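Reviewing the structure listed below.
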2 protein chains.
Amino acid sequence: MLPLRLMKRTTIKDIANQLGVNPSTVSRALKDHPDISPALRRKIKELAERLHYRPNQMAVYLRQRSSRLIGLITPEITMFFYPSVIKGIQDNLHDHGYNLIMLPSNESPEREIENIRICAENDVAGILLAFSRNSRLSTQFSVLEEIGAPVVMFDKILEDLPYDAVVLEDFQSAVEAVTYLAKSGCRRIAGIFGNPNMRITQLRLEGFRHALRHLGLASSDDLFCFADSAYEAEKCARALLTNPAPPDAIFAMTDEIIIGALPAIAASGRKIPEECSVICISDGFLPYCLYPQVTFLHHDGYEVGRLAAQQLVRLIESGDYKKENRSVERIMVKTQLIELATTRRVEL
Amino acid sequence: MLPLRLMKRTTIKDIANQLGVNPSTVSRALKDHPDISPALRRKIKELAERLHYRPNQMAVYLRQRSSRLIGLITPEITMFFYPSVIKGIQDNLHDHGYNLIMLPSNESPEREIENIRICAENDVAGILLAFSRNSRLSTQFSVLEEIGAPVVMFDKILEDLPYDAVVLEDFQSAVEAVTYLAKSGCRRIAGIFGNPNMRITQLRLEGFRHALRHLGLASSDDLFCFADSAYEAEKCARALLTNPAPPDAIFAMTDEIIIGALPAIAASGRKIPEECSVICISDGFLPYCLYPQVTFLHHDGYEVGRLAAQQLVRLIESGDYKKENRSVERIMVKTQLIELATTRRVEL
DNA sequence: TTACCAACAGCAACCGTTTGCACAACTGAT
DNA sequence: ATCAGTTGTGCAAACGGTTGCTGTTGGTAA
């Protein structure tokens, strides 16, 4: 006998032939259609089992004009935040019988467009989308509009796009971070931010400045900078600390930034947190690995992924996304402060 | 005019109708079949462009009896090693026009089988597979055999399965780690290992013991232990260090283990590396984040992913995997020692 | 007996693309 | 004028499964 792998896959027709019935009868029997007698139904199911019958999803998708595939488009997949998001998405999607097709854009808007096209070609049931740094409204939008499937954005969103989104409290997190530092006694608070094109950068920067203003603290241009990588963040931190009037606290906008900044602060010879406090926004894994462990605002990637997937499934199954005047939903994921070793303790 | 998203997608038939030609002609024209005259070819392509025609891949797959989807089955997706592997796979697959469908098994053999089934149902062109801790040869094998597509295993493999695999030098890495510690002056070298069911654990443990024996060092049962999580690793490390004859060096088999072990060593009050050296095997990101930065053997996940994908594409496109007497390939990824702060320097 | 209805099964079209084959029209050689 | 050989195009089946409709039973009520 041939090895199984070289055998033709059993189809509905094979079952029908062996039983002398029509393929349609088999199809109906397998999905418990009441038109088929229980006896026949059992016979068909038994044979299907015996022949290891598995429906060809491609055929189903084609006929049904939609797959059970979800396209996941992200600028990056390895670093920090995204793996947990993906896990959140996966766990939720699996429960609803959808499968994920991964389409990383590597921070390239062109690749992003290509990925959206791939989604279209594969008749995905829905798209989960976090944009690259340099994606712009007009270009990305027109391609997305060609898709018949619902879209849910998360994390790195384009605010004006008429799709639902799951986001973190970026503005508010920065406010909280700064406020916490101030409460712990810091007076000159510096910030290191990511790519200034990204909306999350803008929001966190706004929050940062808003808090400083509100607290009556200095907020001059030499107290913040932008860094696109850990390496640049290290340079930024060094520059901030050699200022004539150096900060007594540093807020790092992301995991990536803290990785560069923390060694620079340590290298400057300052005691942490006494001479320089440090706080960052993180998914929650890295701060525990660093030394000293960094106080951070927990941005829960898993939760973001879970909620985005949940919302997408809801849209798919209700069909609501097709409605003309549906208003866009923004789902906020709460942030939590985790006090570790790089800040002075505050009585709250 | 309707929003694009609600319009029916253009098909080959639409183009054919508008031009008064046959769908088959359109199909051929779009793929530059020489039978179609250049003039008509141009006209068809122009219209296709204008109507935003995109082929329906499901139909193509169905007709072609195989998709351009690759199933990726891993026990885990967030932690340490896998994100880089996935990136390596992605980068390679994208270049060859394949797409990845992610099927995490969450360390469950049952889920693994389900995932293999999903691959079958979706007519994947190939499968990339890393097994869960508790997967067993017999059960997993029979399901895999039903698949018509080639399989490439990586990292966590089942040795006796007749599929190609990309693996790291597990035995050799452990030997190198121990040898390096010995050269740097350590005499009582302990090891903390992962789940003993996994082949990589067995190999690394064998290498560890082999090296100790070879170097004439102690290799008693109180010098190694198994830990299934960072938390357990912490307990393990603590136990090792409170031995009557404590080790002067610890080898941690994975990232996860070092996360637990390092704090325990620090907490014991020992100076690192003078009183206790530390070395681990890692994908290369985490050791730099820890304090002190941990000397490690670099196990390059990206490279594993890249090579696994490459090999799979080769099998798919050559069709070699169908050959009866094809011998199985094992591809080894080289390991590299990175000397950081937790070991005493060695003149090599 | 007739009329009607349920229960069950089959027919055939359809989803969008591909592809072997047939065939028409034209060319050029005989 | 005839025939073989191109060149360009169309026909129709196929991939595997789904589903609206039709048709055949057998049974029940009028």
Side-chain angles (χ1 to χ4, degrees), chain A residues 7-45 47-48 51-69 117-118 120-125 148-149, chain B residues 7-45 47-48 51-69 117 120-125 146 148-149:
Chain A
M7 286 172 26
K8 207 174 141 297
R9 254 173 71 182
T10 5
T11 72
I12 262 192
K13 290 180 192 166
D14 299 332
I15 300 179
N17 287 340
Q18 290 200 32
L19 255 35
V21 301
N22 194 282
S24 62
T25 303
V26 176
S27 172
R28 282 191 255 257
L30 290 175
K31 47 182 44 132
D32 288 318
H33 192 107
D35 272 4
I36 310 298
S37 70
L40 182 54
R41 224 185 284 179
R42 197 156 8 83
K43 239 172 56 182
I44 289 176
K45 284 187 178 177
L47 184 57
L51 298 180
H52 294 111
Y53 170 74
R54 311 241 89 212
N56 181 326
Q57 294 298 338
M58 296 301 164
V60 177
Y61 296 160
L62 178 60
R63 174 65 220 231
Q64 234 93 99
R65 310 241 27 190
S66 155
S67 71
R68 292 191 74 81
L69 262 22
R117 294 238 160 87
I118 291 175
E121 292 184 357
N122 285 279
D123 258 335
V124 296
Chain B
M7 285 171 28
K8 205 176 142 297
R9 252 173 72 182
T10 346
T11 71
I12 265 192
K13 289 182 194 168
D14 298 331
I15 300 179
N17 286 341
Q18 288 201 32
L19 255 34
V21 300
N22 193 280
S24 62
T25 304
V26 176
S27 172
R28 284 192 253 257
L30 289 175
K31 47 183 40 135
D32 287 320
H33 192 107
D35 272 5
I36 309 299
S37 68
L40 182 53
R41 222 185 286 178
R42 198 157 5 84
K43 240 174 54 182
I44 289 176
K45 284 188 175 176
L47 184 59
L51 297 180
H52 293 111
Y53 170 73
R54 308 242 90 211
N56 181 326
Q57 295 296 340
M58 296 301 165
V60 177
Y61 297 159
L62 177 59
R63 175 63 219 231
Q64 233 96 99
R65 309 243 24 189
S66 156
S67 71
R68 295 196 65 88
L69 261 25
R117 294 238 160 87
E121 291 184 358
N122 285 279
D123 257 336
V124 296
E146 294 175 28

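Quick note: numbers below take in every heavy atom, side chains included, and nothing from hydrogens, waters or symmetry partners. These numbers come from a predicted model, not from an experiment. Naming convention: chains lettered A, B, ... in sequence-line order (proteins, then strands); numbering from 1 in each chain.
Taking 4.0 angstrom as the limit, B/Tyr61 places none of its side-chain polar atoms (N or O) nearer than this to OP1 or OP2 of C/dC15. Contact annotation: A/Arg65 reaches the phosphate of C/dG16 (side-chain N/O to OP1 or OP2, under 4.0 Å). OP1 or OP2 of D/dT19 sits under 4.0 Å from a side-chain N or O of A/Gln64. The shortest distance between the side-chain N/O atoms of A/Ser27 and the OP1/OP2 oxygens of D/dT18 is below 4.0 Å.
Contact annotation for B/Asp35: base contact, defined as any heavy-atom pair under 4.0 Å involving a base atom. Using a 4.0 Å heavy-atom criterion, one finds that B/Val21 contacts the sugar-phosphate atoms exclusively. At the heavy-atom level, B/Ser24 lies under 4.0 Å from base atoms of the strands shown. Among the protein residues, B/Lys31 comes within range of the sugar-phosphate backbone only, with heavy atoms under 4.0 Å from sugar or phosphate atoms but none that close to a base. Here B/Leu62 lies in heavy-atom contact (under 4.0 Å) with a base.
With D/dT18, C/dA9, C/dC8 as the choices, the nucleotide that has an atom nearest any side-chain atom of A/Val60 turns out to be D/dT18. Comparing D/dG17, C/dG16, D/dT9 by their nearest atom to the side chain of A/Arg63 picks out D/dG17. Listed candidates were D/dC11, C/dT17, C/dC14. Nearest to the side chain of B/Asn22 is D/dC11. Across C/dA9, D/dG16, C/dT18, the shortest atom-to-atom separation from the side chain of A/Asn56 is found for D/dG16. When distances run from any side-chain atom of A/Arg28 to the nucleotides C/dT17, D/dG8, D/dG20, the shortest one goes to D/dG20.
Note that the two end axes of the helix from C/dT1-D/dA30 to C/dT30-D/dA1 enclose an angle of 70°, each drawn from 5 base pairs, rounded to 10 degrees.
Residues B/Gln18 and B/Thr10 form no side-chain contact, since every pair of their non-hydrogen atoms from C-beta on lies 4.5 Å or further apart.
Closest approach of B/Lys13 to B/Pro23, counting heavy atoms only: CG-CG, 4.2 Å.
Ion pairing of B/Asp123 with A/Arg54 is absent here, as no side-chain N (NZ or NE/NH1/NH2) approaches a carboxylate O to less than 4.0 Å.
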